[in-house]
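Please read the structure below before turning to the comments.
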Amino acid sequence: YYFAAEPLLLIDDLYLQQAVVFIEDAIQYRSINHRVDANSLRLYRWYYSRIWQWGLGLTIAVVLMLAFIERPSSFSYTSDPRFRPPPWEPPCGLTEGIEIVCLIIFAIDLTTKSYLIGWDEFRKCKWLIAYILAISASVIDWTLTLSMYCDQNLRVRRLIRPFFLLQNSSLMKKTLKCIKRTLPEIASVILLLALHLCLFTMIGMLLFAKGEHNGEWEAYFRDLPTSLSSLLVLLTTANNPDVMIPAYSLNRGYSIFFILFSWFGTYFLMNLLTAIIYNQFRGYLLMSVQASILRRRLGVRAAFEVMSCQGRVFIVSPLQHPPKPEYNSPLLQRLQLVFSHYYVVIVGNAVALANVMCICTILVLDSEKSIAERDDYYMEVINCFFILYYLMEMSLKILAFGWRGYLSYRNNIFDGLLTVCLLVLQITIFATYRLPFPKWLVSSLRPYFSLNKYILYKEIVLKDGAHLNIQ
(Lines give C-alpha, C1' and ligand atoms only; values in the text may rest on other atoms or scores of the structure.)
Protein backbone atom coordinates (compact mmCIF):
# COMPACT_ATOMS: atom_id res chain seq x y z
CA TYR A 1 0.00 0.00 0.00
CA TYR A 2 1.06 3.54 -0.73
CA PHE A 3 -0.24 6.61 1.06
CA ALA A 4 -0.99 10.10 -0.09
CA ALA A 5 1.87 12.55 0.40
CA GLU A 6 -0.17 15.76 0.77
CA PRO A 7 -1.45 15.20 4.36
CA LEU A 8 2.09 14.44 5.53
CA LEU A 9 3.16 18.03 4.94
CA LEU A 10 0.93 19.39 7.70
CA ILE A 11 2.58 19.94 11.08
CA ASP A 12 -0.53 18.84 13.01
CA ASP A 13 -0.44 15.46 11.31
CA LEU A 14 2.82 14.25 12.85
CA TYR A 15 1.08 11.16 14.17
CA LEU A 16 -0.12 10.35 10.68
CA GLN A 17 3.42 10.71 9.35
CA GLN A 18 4.69 8.31 11.98
CA ALA A 19 1.94 5.82 11.19
CA VAL A 20 2.73 5.93 7.48
CA VAL A 21 6.43 5.29 8.13
CA PHE A 22 5.60 2.41 10.48
CA ILE A 23 3.36 0.83 7.85
CA GLU A 24 6.13 1.20 5.27
CA ASP A 25 8.54 -0.43 7.72
CA ALA A 26 6.08 -3.29 8.15
CA ILE A 27 5.73 -3.75 4.39
CA GLN A 28 9.52 -3.84 3.91
CA TYR A 29 10.15 -5.89 7.11
CA ARG A 30 12.27 -3.09 8.57
CA SER A 31 12.88 -2.35 12.23
CA ILE A 32 10.85 0.44 13.82
CA ASN A 33 13.71 1.43 16.14
CA HIS A 34 14.50 4.82 14.61
CA ARG A 35 13.82 8.50 15.18
CA VAL A 36 10.22 9.60 14.66
CA ASP A 37 10.33 13.41 14.75
CA ALA A 38 9.11 15.28 11.67
CA ASN A 39 12.54 16.12 10.19
CA SER A 40 13.89 12.63 10.86
CA LEU A 41 10.85 11.04 9.22
CA ARG A 42 11.38 13.06 6.04
CA LEU A 43 15.04 12.10 6.02
CA TYR A 44 14.13 8.46 6.72
CA ARG A 45 11.72 8.26 3.79
CA TRP A 46 14.26 9.92 1.53
CA TYR A 47 16.95 7.47 2.64
CA TYR A 48 14.80 4.47 1.76
CA SER A 49 13.51 5.99 -1.47
CA ARG A 50 14.27 4.30 -4.75
CA ILE A 51 16.48 7.15 -5.91
CA TRP A 52 18.90 6.85 -3.00
CA GLN A 53 18.88 3.06 -2.87
CA TRP A 54 19.47 2.75 -6.62
CA GLY A 55 22.19 5.41 -6.41
CA LEU A 56 23.87 3.52 -3.59
CA GLY A 57 23.72 0.30 -5.59
CA LEU A 58 25.23 2.06 -8.60
CA THR A 59 28.04 3.41 -6.41
CA ILE A 60 28.83 -0.09 -5.16
CA ALA A 61 28.88 -1.37 -8.75
CA VAL A 62 31.28 1.41 -9.80
CA VAL A 63 33.65 0.64 -6.91
CA LEU A 64 33.71 -3.06 -7.77
CA MET A 65 34.22 -2.39 -11.50
CA LEU A 66 37.31 -0.26 -10.86
CA ALA A 67 39.28 -3.50 -10.68
CA PHE A 68 38.86 -3.91 -14.45
CA ILE A 69 40.77 -0.74 -15.30
CA GLU A 70 43.16 -0.34 -12.37
CA ARG A 71 46.78 -1.34 -12.75
CA PRO A 72 47.59 -4.19 -13.26
CA SER A 73 44.66 -4.87 -15.58
CA SER A 74 44.15 -7.71 -18.06
CA PHE A 75 40.96 -6.20 -19.45
CA SER A 76 41.12 -6.36 -23.26
CA TYR A 77 38.96 -7.33 -26.20
CA THR A 78 40.82 -10.63 -26.73
CA SER A 79 42.27 -13.24 -24.39
CA ASP A 80 44.91 -14.40 -26.89
CA PRO A 81 48.28 -13.02 -25.69
CA ARG A 82 49.61 -12.99 -29.25
CA PHE A 83 47.08 -10.40 -30.40
CA ARG A 84 46.44 -8.62 -27.12
CA PRO A 85 47.69 -5.02 -27.13
CA PRO A 86 49.33 -3.48 -24.06
CA PRO A 87 46.67 -2.79 -21.43
CA TRP A 88 45.47 0.77 -21.04
CA GLU A 89 46.80 2.32 -17.87
CA PRO A 90 44.71 5.23 -16.57
CA PRO A 91 46.59 8.34 -15.47
CA CYS A 92 47.34 8.74 -11.81
CA GLY A 93 44.37 10.21 -10.02
CA LEU A 94 41.62 9.11 -12.42
CA THR A 95 40.51 5.92 -10.67
CA GLU A 96 41.48 7.44 -7.33
CA GLY A 97 39.15 10.40 -7.99
CA ILE A 98 36.26 8.08 -8.84
CA GLU A 99 36.96 6.01 -5.77
CA ILE A 100 37.06 8.94 -3.35
CA VAL A 101 33.67 10.11 -4.66
CA CYS A 102 32.28 6.65 -3.96
CA LEU A 103 33.82 6.65 -0.48
CA ILE A 104 32.23 10.03 0.24
CA ILE A 105 28.84 8.60 -0.77
CA PHE A 106 29.45 5.64 1.54
CA ALA A 107 30.34 8.05 4.35
CA ILE A 108 27.10 9.99 3.76
CA ASP A 109 25.17 6.73 3.79
CA LEU A 110 26.80 5.69 7.06
CA THR A 111 26.21 9.08 8.71
CA THR A 112 22.57 9.20 7.67
CA LYS A 113 21.80 5.68 8.83
CA SER A 114 23.63 6.17 12.13
CA TYR A 115 21.72 9.38 12.82
CA LEU A 116 18.36 7.79 12.02
CA ILE A 117 18.73 4.77 14.30
CA GLY A 118 20.37 6.64 17.19
CA TRP A 119 23.45 5.95 19.29
CA ASP A 120 21.98 3.09 21.31
CA GLU A 121 21.04 1.06 18.25
CA PHE A 122 24.27 2.02 16.51
CA ARG A 123 26.39 0.45 19.25
CA LYS A 124 24.49 -2.82 18.88
CA CYS A 125 24.94 -3.00 15.10
CA LYS A 126 28.25 -4.68 14.31
CA TRP A 127 27.78 -4.15 10.58
CA LEU A 128 27.79 -0.36 10.97
CA ILE A 129 30.90 -0.50 13.15
CA ALA A 130 32.60 -2.61 10.50
CA TYR A 131 31.31 -0.11 7.92
CA ILE A 132 33.22 2.67 9.71
CA LEU A 133 36.39 0.59 9.81
CA ALA A 134 36.11 -0.32 6.13
CA ILE A 135 35.65 3.30 5.04
CA SER A 136 38.46 4.51 7.31
CA ALA A 137 40.90 1.85 6.07
CA SER A 138 39.99 2.63 2.45
CA VAL A 139 40.55 6.37 2.94
CA ILE A 140 43.93 5.75 4.64
CA ASP A 141 45.04 3.42 1.86
CA TRP A 142 43.78 5.90 -0.77
CA THR A 143 45.85 8.65 0.87
CA LEU A 144 48.95 6.45 0.83
CA THR A 145 48.42 5.71 -2.85
CA LEU A 146 48.31 9.40 -3.77
CA SER A 147 51.29 10.20 -1.55
CA MET A 148 53.32 7.57 -3.44
CA TYR A 149 52.17 8.93 -6.83
CA CYS A 150 50.13 5.77 -7.59
CA ASP A 151 53.25 3.59 -7.39
CA GLN A 152 51.90 1.46 -4.58
CA ASN A 153 52.05 -2.26 -5.29
CA LEU A 154 49.88 -3.43 -2.39
CA ARG A 155 46.45 -1.83 -2.12
CA VAL A 156 44.55 -3.10 0.89
CA ARG A 157 41.32 -1.32 -0.04
CA ARG A 158 40.82 -3.68 -2.97
CA LEU A 159 40.26 -6.47 -0.47
CA ILE A 160 37.74 -4.32 1.41
CA ARG A 161 35.54 -3.42 -1.56
CA PRO A 162 33.36 -6.58 -1.48
CA PHE A 163 32.35 -5.62 2.06
CA PHE A 164 30.36 -2.66 0.72
CA LEU A 165 28.24 -5.11 -1.29
CA LEU A 166 27.77 -7.38 1.72
CA GLN A 167 26.83 -4.50 3.99
CA ASN A 168 24.13 -3.27 1.63
CA SER A 169 22.53 -6.67 0.99
CA SER A 170 20.26 -8.12 3.68
CA LEU A 171 20.25 -11.49 1.91
CA MET A 172 24.03 -11.76 2.06
CA LYS A 173 24.01 -10.72 5.69
CA LYS A 174 21.55 -13.50 6.48
CA THR A 175 23.67 -16.00 4.54
CA LEU A 176 26.81 -15.05 6.47
CA LYS A 177 24.95 -15.29 9.78
CA CYS A 178 23.69 -18.72 8.80
CA ILE A 179 27.20 -19.86 7.87
CA LYS A 180 28.45 -18.57 11.21
CA ARG A 181 25.78 -20.60 13.02
CA THR A 182 26.48 -23.68 10.89
CA LEU A 183 30.28 -23.85 11.27
CA PRO A 184 30.31 -25.05 14.91
CA GLU A 185 27.80 -27.77 14.05
CA ILE A 186 29.71 -29.12 11.08
CA ALA A 187 33.16 -28.79 12.69
CA SER A 188 32.75 -32.13 14.49
CA VAL A 189 31.73 -33.91 11.27
CA ILE A 190 34.64 -32.34 9.36
CA LEU A 191 37.02 -33.48 12.10
CA LEU A 192 35.56 -36.99 11.87
CA LEU A 193 36.05 -36.91 8.09
CA ALA A 194 39.69 -35.87 8.54
CA LEU A 195 40.30 -38.71 11.03
CA HIS A 196 38.58 -41.17 8.72
CA LEU A 197 40.76 -40.04 5.82
CA CYS A 198 44.01 -40.21 7.83
CA LEU A 199 43.18 -43.62 9.28
CA PHE A 200 42.44 -45.23 5.94
CA THR A 201 45.50 -43.51 4.42
CA MET A 202 47.74 -45.23 6.99
CA ILE A 203 45.99 -48.56 6.50
CA GLY A 204 46.30 -48.20 2.72
CA MET A 205 50.03 -47.43 2.89
CA LEU A 206 50.54 -50.52 5.05
CA LEU A 207 48.27 -52.71 2.96
CA PHE A 208 49.70 -51.68 -0.40
CA ALA A 209 53.39 -51.68 0.46
CA LYS A 210 56.14 -51.44 -2.08
CA GLY A 211 56.69 -54.66 -3.97
CA GLU A 212 57.23 -56.15 -7.38
CA HIS A 213 54.41 -55.69 -9.86
CA ASN A 214 52.46 -53.64 -7.33
CA GLY A 215 50.68 -51.17 -9.55
CA GLU A 216 48.52 -49.90 -6.68
CA TRP A 217 51.58 -48.68 -4.76
CA GLU A 218 53.17 -47.12 -7.83
CA ALA A 219 50.05 -45.20 -8.92
CA TYR A 220 48.19 -44.29 -5.73
CA PHE A 221 50.07 -45.12 -2.51
CA ARG A 222 53.70 -44.24 -3.22
CA ASP A 223 53.96 -41.70 -0.35
CA LEU A 224 51.78 -39.88 2.16
CA PRO A 225 50.72 -36.90 -0.03
CA THR A 226 49.86 -39.20 -2.94
CA SER A 227 47.87 -41.53 -0.68
CA LEU A 228 45.96 -38.67 0.92
CA SER A 229 45.09 -37.11 -2.44
CA SER A 230 44.00 -40.48 -3.88
CA LEU A 231 41.62 -41.22 -1.02
CA LEU A 232 40.40 -37.62 -0.91
CA VAL A 233 39.41 -37.88 -4.57
CA LEU A 234 37.83 -41.28 -3.87
CA LEU A 235 35.74 -39.60 -1.17
CA THR A 236 34.07 -37.66 -3.98
CA THR A 237 33.85 -40.83 -6.16
CA ALA A 238 35.70 -39.01 -8.97
CA ASN A 239 38.32 -41.78 -9.41
CA ASN A 240 36.06 -44.69 -8.54
CA PRO A 241 36.72 -47.53 -9.47
CA ASP A 242 40.01 -46.61 -11.17
CA VAL A 243 41.82 -46.27 -7.85
CA MET A 244 41.21 -49.90 -6.86
CA ILE A 245 41.61 -51.63 -10.23
CA PRO A 246 45.36 -52.48 -9.82
CA ALA A 247 44.80 -53.96 -6.35
CA TYR A 248 41.63 -55.75 -7.41
CA SER A 249 43.56 -57.35 -10.28
CA LEU A 250 46.01 -58.87 -7.78
CA ASN A 251 43.46 -59.96 -5.19
CA ARG A 252 39.70 -59.41 -5.03
CA GLY A 253 39.88 -59.16 -1.24
CA TYR A 254 41.51 -55.73 -1.54
CA SER A 255 38.14 -54.36 -2.66
CA ILE A 256 36.88 -54.66 0.94
CA PHE A 257 39.23 -51.80 1.91
CA PHE A 258 37.77 -49.48 -0.71
CA ILE A 259 34.19 -50.57 -0.03
CA LEU A 260 34.52 -49.81 3.69
CA PHE A 261 36.17 -46.45 2.96
CA SER A 262 33.46 -45.40 0.50
CA TRP A 263 30.58 -46.70 2.62
CA PHE A 264 31.60 -44.92 5.81
CA GLY A 265 33.12 -41.81 4.26
CA THR A 266 31.05 -41.08 1.14
CA TYR A 267 27.67 -42.55 1.98
CA PHE A 268 27.57 -41.86 5.73
CA LEU A 269 29.78 -38.94 6.74
CA MET A 270 29.22 -36.86 3.58
CA ASN A 271 25.45 -37.36 3.79
CA LEU A 272 25.58 -36.51 7.49
CA LEU A 273 27.46 -33.31 6.66
CA THR A 274 24.89 -32.41 4.00
CA ALA A 275 22.02 -33.11 6.42
CA ILE A 276 23.54 -30.89 9.11
CA ILE A 277 24.08 -28.01 6.67
CA TYR A 278 20.53 -28.36 5.31
CA ASN A 279 19.04 -28.54 8.80
CA GLN A 280 20.93 -25.44 9.96
CA PHE A 281 19.96 -23.40 6.92
CA ARG A 282 16.36 -24.57 7.18
CA GLY A 283 16.22 -23.68 10.86
CA TYR A 284 17.74 -20.26 10.24
CA LEU A 285 15.30 -19.68 7.39
CA LEU A 286 12.38 -20.39 9.72
CA MET A 287 13.85 -18.05 12.35
CA SER A 288 14.35 -15.36 9.70
CA VAL A 289 10.74 -15.69 8.52
CA GLN A 290 9.49 -15.51 12.11
CA ALA A 291 11.60 -12.40 12.76
CA SER A 292 10.25 -10.78 9.58
CA ILE A 293 6.65 -11.56 10.59
CA LEU A 294 7.33 -10.14 14.05
CA ARG A 295 8.73 -6.94 12.52
CA ARG A 296 5.66 -6.61 10.32
CA ARG A 297 3.31 -7.09 13.27
CA LEU A 298 5.24 -4.58 15.35
CA GLY A 299 5.10 -2.04 12.54
CA VAL A 300 1.35 -2.44 12.05
CA ARG A 301 0.69 -2.37 15.81
CA ALA A 302 2.85 0.76 16.22
CA ALA A 303 1.00 2.45 13.36
CA PHE A 304 -2.41 1.84 14.93
CA GLU A 305 -1.16 2.84 18.37
CA VAL A 306 0.09 6.14 16.92
CA MET A 307 -3.13 6.79 14.98
CA SER A 308 -5.23 6.21 18.08
CA CYS A 309 -3.25 8.75 20.13
CA GLN A 310 -5.30 11.50 21.81
CA GLY A 311 -8.49 9.69 20.85
CA ARG A 312 -8.09 10.50 17.16
CA VAL A 313 -8.61 7.94 14.43
CA PHE A 314 -7.23 8.67 10.96
CA ILE A 315 -8.58 7.22 7.75
CA VAL A 316 -5.74 6.96 5.30
CA SER A 317 -6.78 6.75 1.69
CA PRO A 318 -4.69 4.89 -0.84
CA LEU A 319 -2.74 6.82 -3.43
CA GLN A 320 -4.89 7.98 -6.30
CA HIS A 321 -3.61 8.83 -9.74
CA PRO A 322 -3.81 12.56 -10.55
CA PRO A 323 -7.14 13.61 -12.05
CA LYS A 324 -7.45 13.69 -15.79
CA PRO A 325 -7.50 17.09 -17.49
CA GLU A 326 -10.90 18.48 -18.42
CA TYR A 327 -11.50 19.57 -22.03
CA ASN A 328 -14.39 21.60 -23.42
CA SER A 329 -14.02 20.33 -26.96
CA PRO A 330 -16.14 17.23 -27.73
CA LEU A 331 -13.36 15.92 -29.99
CA LEU A 332 -10.76 16.13 -27.25
CA GLN A 333 -13.17 14.52 -24.79
CA ARG A 334 -13.71 11.66 -27.22
CA LEU A 335 -9.96 11.21 -27.72
CA GLN A 336 -9.42 11.29 -23.97
CA LEU A 337 -12.06 8.58 -23.47
CA VAL A 338 -10.58 6.34 -26.16
CA PHE A 339 -6.88 6.64 -25.34
CA SER A 340 -7.32 6.32 -21.57
CA HIS A 341 -8.88 2.89 -22.02
CA TYR A 342 -7.02 -0.29 -21.15
CA TYR A 343 -7.40 -1.67 -24.68
CA VAL A 344 -4.97 0.97 -25.96
CA VAL A 345 -2.23 -0.81 -24.04
CA ILE A 346 -3.19 -4.13 -25.64
CA VAL A 347 -3.15 -2.58 -29.11
CA GLY A 348 0.26 -1.02 -28.39
CA ASN A 349 1.67 -4.38 -27.36
CA ALA A 350 0.24 -5.98 -30.51
CA VAL A 351 1.88 -3.29 -32.68
CA ALA A 352 5.22 -3.76 -30.90
CA LEU A 353 4.94 -7.51 -31.51
CA ALA A 354 4.24 -6.87 -35.19
CA ASN A 355 7.31 -4.63 -35.30
CA VAL A 356 9.51 -7.39 -33.92
CA MET A 357 8.02 -9.92 -36.36
CA CYS A 358 8.74 -7.60 -39.31
CA ILE A 359 12.35 -7.15 -38.23
CA CYS A 360 12.81 -10.90 -37.76
CA THR A 361 11.29 -11.61 -41.18
CA ILE A 362 13.63 -9.16 -42.90
CA LEU A 363 16.62 -10.59 -41.04
CA VAL A 364 15.72 -14.11 -42.15
CA LEU A 365 15.34 -12.99 -45.77
CA ASP A 366 18.66 -11.11 -45.69
CA SER A 367 20.54 -14.00 -44.08
CA GLU A 368 20.92 -15.69 -47.48
CA LYS A 369 22.20 -12.52 -49.16
CA SER A 370 25.62 -11.00 -49.20
CA ILE A 371 26.16 -7.52 -47.83
CA ALA A 372 26.33 -6.04 -51.33
CA GLU A 373 22.96 -7.58 -52.26
CA ARG A 374 21.10 -6.32 -49.22
CA ASP A 375 18.74 -3.34 -49.31
CA ASP A 376 18.18 -1.53 -46.02
CA TYR A 377 15.52 0.73 -47.51
CA TYR A 378 12.57 -1.44 -46.44
CA MET A 379 14.02 -1.95 -42.98
CA GLU A 380 14.34 1.79 -42.50
CA VAL A 381 10.82 2.51 -43.81
CA ILE A 382 9.36 -0.03 -41.36
CA ASN A 383 11.34 1.49 -38.50
CA CYS A 384 10.09 4.99 -39.37
CA PHE A 385 6.48 3.81 -39.50
CA PHE A 386 6.57 2.12 -36.11
CA ILE A 387 8.50 4.94 -34.45
CA LEU A 388 5.88 7.42 -35.66
CA TYR A 389 3.18 5.16 -34.21
CA TYR A 390 4.96 4.98 -30.84
CA LEU A 391 5.37 8.77 -30.84
CA MET A 392 1.69 9.26 -31.68
CA GLU A 393 0.66 6.80 -28.96
CA MET A 394 2.76 8.60 -26.36
CA SER A 395 1.39 12.00 -27.39
CA LEU A 396 -2.23 10.88 -27.26
CA LYS A 397 -1.74 9.25 -23.85
CA ILE A 398 -0.28 12.52 -22.55
CA LEU A 399 -3.32 14.27 -24.00
CA ALA A 400 -5.66 11.81 -22.26
CA PHE A 401 -3.98 11.61 -18.86
CA GLY A 402 -2.03 14.86 -18.66
CA TRP A 403 1.66 15.05 -17.78
CA ARG A 404 1.24 14.11 -14.13
CA GLY A 405 -1.22 11.35 -14.89
CA TYR A 406 0.98 9.95 -17.66
CA LEU A 407 4.03 9.85 -15.38
CA SER A 408 2.06 8.27 -12.52
CA TYR A 409 2.08 4.96 -14.44
CA ARG A 410 5.46 3.26 -14.47
CA ASN A 411 4.74 1.43 -17.73
CA ASN A 412 4.11 4.79 -19.41
CA ILE A 413 7.48 6.06 -18.17
CA PHE A 414 9.12 2.93 -19.59
CA ASP A 415 7.35 3.30 -22.96
CA GLY A 416 8.18 6.99 -23.16
CA LEU A 417 11.89 6.45 -22.52
CA LEU A 418 12.07 3.79 -25.22
CA THR A 419 10.18 5.98 -27.67
CA VAL A 420 12.52 8.91 -27.06
CA CYS A 421 15.56 6.63 -27.51
CA LEU A 422 14.21 5.32 -30.83
CA LEU A 423 13.39 8.84 -32.02
CA VAL A 424 16.86 10.19 -31.15
CA LEU A 425 18.49 7.22 -32.85
CA GLN A 426 16.41 7.68 -36.00
CA ILE A 427 17.17 11.41 -36.17
CA THR A 428 20.88 10.61 -35.78
CA ILE A 429 20.70 8.20 -38.73
CA PHE A 430 18.91 10.75 -40.92
CA ALA A 431 21.34 13.52 -39.98
CA THR A 432 24.32 11.32 -40.80
CA TYR A 433 23.19 9.32 -43.85
CA ARG A 434 20.26 11.35 -45.26
CA LEU A 435 16.77 10.00 -45.95
CA PRO A 436 16.47 6.38 -47.11
CA PHE A 437 16.11 5.48 -50.77
CA PRO A 438 15.98 2.20 -52.75
CA LYS A 439 19.27 0.24 -52.66
CA TRP A 440 20.14 2.27 -49.56
CA LEU A 441 23.00 0.41 -47.90
CA VAL A 442 25.61 1.81 -45.57
CA SER A 443 27.76 -0.74 -43.78
CA SER A 444 28.42 1.61 -40.88
CA LEU A 445 24.68 1.67 -40.16
CA ARG A 446 24.83 -1.87 -38.79
CA PRO A 447 25.54 -0.74 -35.21
CA TYR A 448 22.58 1.66 -35.39
CA PHE A 449 20.30 -1.08 -36.69
CA SER A 450 21.50 -3.47 -34.02
CA LEU A 451 20.76 -0.95 -31.29
CA ASN A 452 17.42 -0.18 -32.91
CA LYS A 453 16.48 -3.86 -32.93
CA TYR A 454 17.58 -4.24 -29.33
CA ILE A 455 15.42 -1.33 -28.18
CA LEU A 456 12.46 -2.66 -30.15
CA TYR A 457 12.95 -6.05 -28.55
CA LYS A 458 12.85 -4.41 -25.13
CA GLU A 459 9.72 -2.55 -26.23
CA ILE A 460 7.68 -5.74 -26.68
CA VAL A 461 9.28 -8.06 -24.13
CA LEU A 462 9.87 -5.79 -21.14
CA LYS A 463 6.90 -3.54 -21.65
CA ASP A 464 4.45 -6.40 -21.17
CA GLY A 465 6.23 -7.53 -18.02
CA ALA A 466 6.31 -4.02 -16.57
CA HIS A 467 2.63 -3.53 -17.34
CA LEU A 468 1.62 -6.83 -15.77
CA ASN A 469 3.59 -6.00 -12.62
CA ILE A 470 1.80 -2.68 -12.32
CA GLN A 471 -1.67 -4.05 -12.98
Side-chain angles (χ1 to χ4, degrees), residues 1-5 24 27-28 45-62 65 168-169 318-325 335-360 363 379-380 382-430 447-471:
Y1 298 97
Y2 295 86
F3 299 92
E24 291 176 348
I27 293 173
Q28 300 297 331
R45 300 192 77 190
W46 171 82
Y47 178 79
Y48 284 104
S49 64
R50 289 189 176 182
I51 296 177
W52 176 254
Q53 294 300 318
W54 277 90
L56 186 60
L58 179 62
T59 304
I60 295 173
V62 170
M65 287 190 296
N168 195 53
S169 174
L319 176 65
Q320 300 291 335
H321 293 289
K324 298 177 183 178
L335 289 175
Q336 184 181 38
L337 178 64
V338 171
F339 285 95
S340 61
H341 202 276
Y342 173 71
Y343 289 113
V344 175
V345 178
I346 299 178
V347 173
N349 292 342
V351 172
L353 178 61
N355 192 357
V356 174
M357 293 178 63
C358 291
I359 293 176
C360 294
L363 291 178
M379 171 78 78
E380 191 62 21
I382 291 174
N383 287 343
C384 292
F385 170 77
F386 283 106
I387 290 173
L388 289 176
Y389 172 81
Y390 298 144
L391 187 62
M392 180 188 68
E393 180 188 19
M394 182 181 69
S395 303
L396 291 174
K397 281 187 177 180
I398 294 175
L399 176 68
F401 294 102
W403 272 109
R404 294 184 60 190
Y406 180 83
L407 297 177
S408 65
Y409 294 91
R410 286 181 292 178
N411 60 327
N412 286 342
I413 298 175
F414 182 79
D415 296 345
L417 289 176
L418 291 182
T419 302
V420 171
C421 290
L422 288 172
L423 183 63
V424 171
L425 184 61
Q426 200 65 44
I427 293 175
T428 304
I429 293 176
F430 288 161
Y448 290 96
F449 285 153
S450 299
L451 181 58
N452 204 333
K453 297 165 196 170
Y454 174 77
I455 295 177
L456 289 172
Y457 173 78
K458 295 290 185 183
E459 177 78 20
I460 180 61
V461 176
L462 296 183
K463 183 171 74 170
D464 293 344
H467 179 74
L468 290 175
N469 289 335
I470 294 167
Q471 296 298 325

For Leu417, side-chain contact (heavy atoms from CB on, under 4.5 Å) partners two or more places apart: Ile413
side-chain contact (heavy atoms from CB on, under 4.5 Å) between Asn412 and Leu407, worked out: CA-CA 6 Å; Asn412 286 342; Leu407 297 177; over 6 Å; no
Search all heavy atoms of Tyr47 against all heavy atoms of Trp52 and return the closest pair with its distance. O-CD1, 3.0 Å
Decide side-chain contact (heavy atoms from CB on, under 4.5 Å) for Val351 and Phe386; before the verdict, give the C-alpha distance in whole Å, the side-chain angles of both, and the deciding distance to 0.1 Å. CA-CA 8 Å; Val351 172; Phe386 283 106; 3.7 Å; yes
Pairing residues for Tyr48 by the ring-ring contact (aromatic ring centres under 6.0 Å, His included) criterion, not counting sequence neighbours: Tyr44
In the structure I gave you, are the side-chain heavy atoms of Tyr389 and Val347 within less than 4.5 Å of one another anywhere? yes
How far does CG of Leu423 sit from CE of Met394, to the nearest 0.5 angstrom? 7.5 Å
If you round to the nearest 0.5 Å, how far is CG of Leu388 from CG of Leu422? 11.0 Å
Rounded to the nearest 0.5 Å, what's the gap from CG on Asn168 to CD1 on Ile60? Could you check? 4.0 Å
Residues two or more places apart in sequence or in another chain: which of them pass ring-ring contact (aromatic ring centres under 6.0 Å, His included) with Tyr406? none
Are Val344 and Lys397 packed together at the side-chain level, in the sense that at least one heavy-atom pair is separated by less than 4.5 angstrom? yes
When the aromatic ring centroids of Phe339 and Phe401 are compared, is their separation below 6.0 Å? no
d(Leu391 CG, Ile387 CD1) to nearest 0.5 Å is 9.5 Å
Gln336 side chain to Pro325 main-chain N or O, any donor-acceptor pair under 3.5 Å? yes
If I take atom CG from residue Leu58 and atom CE from residue Met65, how far apart are they, to the nearest 0.5 angstrom? 7.0 Å
